[in-house]
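A short worksheet on the structure shown next.
Values below: every heavy atom of this structure, side chains too, minus hydrogens, waters and symmetry copies.
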Amino acid sequence: MNRYLKCLMWFTDVGFIVYWTVVLLGVIPEEYKYKDYQDELMVSWNLSFLPLDLFISLTGLLSMYYLNRSVDQAASRMLAVISLSLTFCSGLQAVAFWGIRGDYDLLWWLPNLFLMVYPLVFLPGLICSRGIKEVHSYGERRIRI
């Protein structure tokens with residue numbers, strides 16, 4: 001895992017934790033709230049991302065922990081792939097929602113486009129470099145993940 005990916009994952013994973021802390025404490029400044037912020041359905045929609053985003057943070061931070069501790073490189077890579085894949089999905093769902101609503105507020109689009117784009121830069125390398133490759137051991141054909 002290269003240093004740019006580690007920095008972006010750390011920024012994203014800690015950012016999710018900070019964002020949800022701010023949301024749950026109710027301290028988002030009025031000028032940063034999305035349109036219809038007080039609407040019950042919108043609040044529910046936003047909160048529906050909480051488990052996903054926290055799982056993204058958990059898998060991403062665990063991935064870096066395993067990498068730094070040299071505990072299990074395969075587990076680190078697998079957790080990074082899971083975290084980045086779900087990060088892309090989180091951003092995609094939000095962008096799709098805002099697009100369907102016709103709400104093009106850059107304050108909400110840019111962070112979610114970031115969540116979509118940066119995983120796409122690193123996922124191919126994580127999956128292909130030492131990812132799923134055919135290996136031969138004692139004449140058996142196995143798949144290493």
Side-chain angles (χ1 to χ4, degrees), residues 1-29 31-37 39-137 141-145:
M1 185 182 309
N2 75 38
R3 68 182 178 157
Y4 298 113
L5 175 56
K6 285 193 279 189
C7 288
L8 288 169
M9 283 182 69
W10 187 90
F11 173 78
T12 302
D13 297 337
V14 171
F16 274 140
I17 293 167
V18 169
Y19 171 75
W20 285 110
T21 301
V22 168
V23 166
L24 294 174
L25 292 175
V27 293
I28 294 180
E31 63 270 14
Y32 296 121
K33 293 180 178 178
Y34 50 80
K35 187 169 120 184
D36 299 327
Y37 189 83
D39 180 278
E40 186 178 318
L41 186 59
M42 290 297 292
V43 171
S44 296
W45 169 81
N46 190 43
L47 287 173
S48 73
F49 281 83
L50 176 66
L52 174 61
D53 292 349
L54 293 182
F55 188 68
I56 290 167
S57 293
L58 175 68
T59 54
L61 293 171
L62 271 176
S63 170
M64 289 181 280
Y65 173 80
Y66 285 159
L67 182 68
N68 291 336
R69 300 283 184 244
S70 298
V71 175
D72 188 347
Q73 297 300 310
S76 175
R77 182 180 299 275
M78 180 185 64
L79 288 166
V81 168
I82 291 168
S83 180
L84 290 171
S85 299
L86 293 176
T87 300
F88 171 82
C89 293
S90 182
L92 175 65
Q93 284 302 112
V95 166
F97 179 81
W98 296 120
I100 290 168
R101 281 183 51 99
D103 188 346
Y104 299 102
D105 183 353
L106 286 180
L107 188 63
W108 290 98
W109 272 74
L110 290 177
N112 286 295
L113 287 172
F114 166 78
L115 295 176
M116 285 179 59
V117 171
Y118 103 82
L120 295 178
V121 172
F122 295 101
L123 274 170
L126 283 172
I127 293 169
C128 296
S129 69
R130 287 194 57 202
I132 301 172
K133 291 184 179 178
E134 193 174 300
V135 295
H136 297 277
S137 174
R141 190 168 177 213
R142 296 184 295 156
I143 302 295
R144 178 177 57 192
I145 298 177

Rounded to the nearest 0.5 Å, how far does [atom2] of [Y] lie from [atom1] of [X]?
X	Y	atom1	atom2	answer
F49	I56	CZ	CD1	9.5 Å
D13	F16	CG	CZ	7.5 Å
T87	L123	OG1	CG	8.5 Å
L62	S76	CG	OG	9.5 Å
K6	N68	NZ	CG	5.5 Å
L24	L47	CG	CG	7.0 Å

Looking at L79, is its backbone amide N or carbonyl O close enough to the side chain of S63 to form a donor-acceptor pair, meaning the two atoms are under 3.5 Å apart?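 No; zero donor-acceptor contacts below 3.5 Å.
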For S85 and V81, indicate whether the former's side chain and the latter's backbone hold a donor-acceptor pair under 3.5 Å.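 Side chain of S85 to backbone of V81: a pair is present.
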For [X] versus [Y], what's the shortest heavy-atom pair and its separation?
X	Y	answer
D39	L41	OD1-N, 2.9 Å
V43	Y34	CA-OH, 3.9 Å
Y66	Q73	O-NE2, 4.2 Å
K33	I28	CE-O, 3.1 Å
W45	A94	CZ2-CA, 4.1 Å
Y118	F122	O-CD1, 3.3 Å

Just so I know, are the side chains of [X] and [Y] near enough to count as touching, which here means a heavy-atom distance under 4.5 Å?
X	Y	answer
N2	L5	yes
M116	L120	no
R77	L67	no

Mind jotting down which residue pairs meet the side chain to side chain donor-acceptor pair (under 3.5 Å) criterion with at least one end in residues 46-62? Sequence neighbours excluded, please.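 For residues 46-62: Y19-N46, W20-D53, D53-S90.
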Can you tell me which residue pairs pass the side chain to side chain donor-acceptor pair (under 3.5 Å) test with a partner in residues 95-109, sequence neighbours excluded?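 Qualifying pairs, neighbours excluded: D36-R101.
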Heavy-atom count around Y37 OH within 6.0 Å, excluding the residue itself: above 12?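 Yes, because the 6.0 Å sphere around OH of Y37 holds more than 12 heavy atoms from other groups.
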Check this for me: F114, atom CZ, are more than 12 non-hydrogen atoms of other residues, nucleotides or ligands nearer than 6.0 Å?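 Yes - once you tally the heavy atoms of other residues, nucleotides and ligands closer than 6.0 Å, there are more than 12.
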Between F88 and V117, does a side chain to side chain contact (heavy atoms under 4.5 Å, CB included) hold up when you go through it step by step? CA-CA 7 Å; F88 171 82; V117 171; over 6 Å; no
Apply the side-chain contact (heavy atoms from CB on, under 4.5 Å) test between L84 and each candidate in I127, T12, L126; give the one that qualifies.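 Result: among I127, T12, L126, L126 is the only option passing the side-chain contact (heavy atoms from CB on, under 4.5 Å) with L84.
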Step by step, would you call F97 with M42 a side chain to side chain contact (heavy atoms under 4.5 Å, CB included)? CA-CA 11 Å; F97 179 81; M42 290 297 292; 3.6 Å; yes
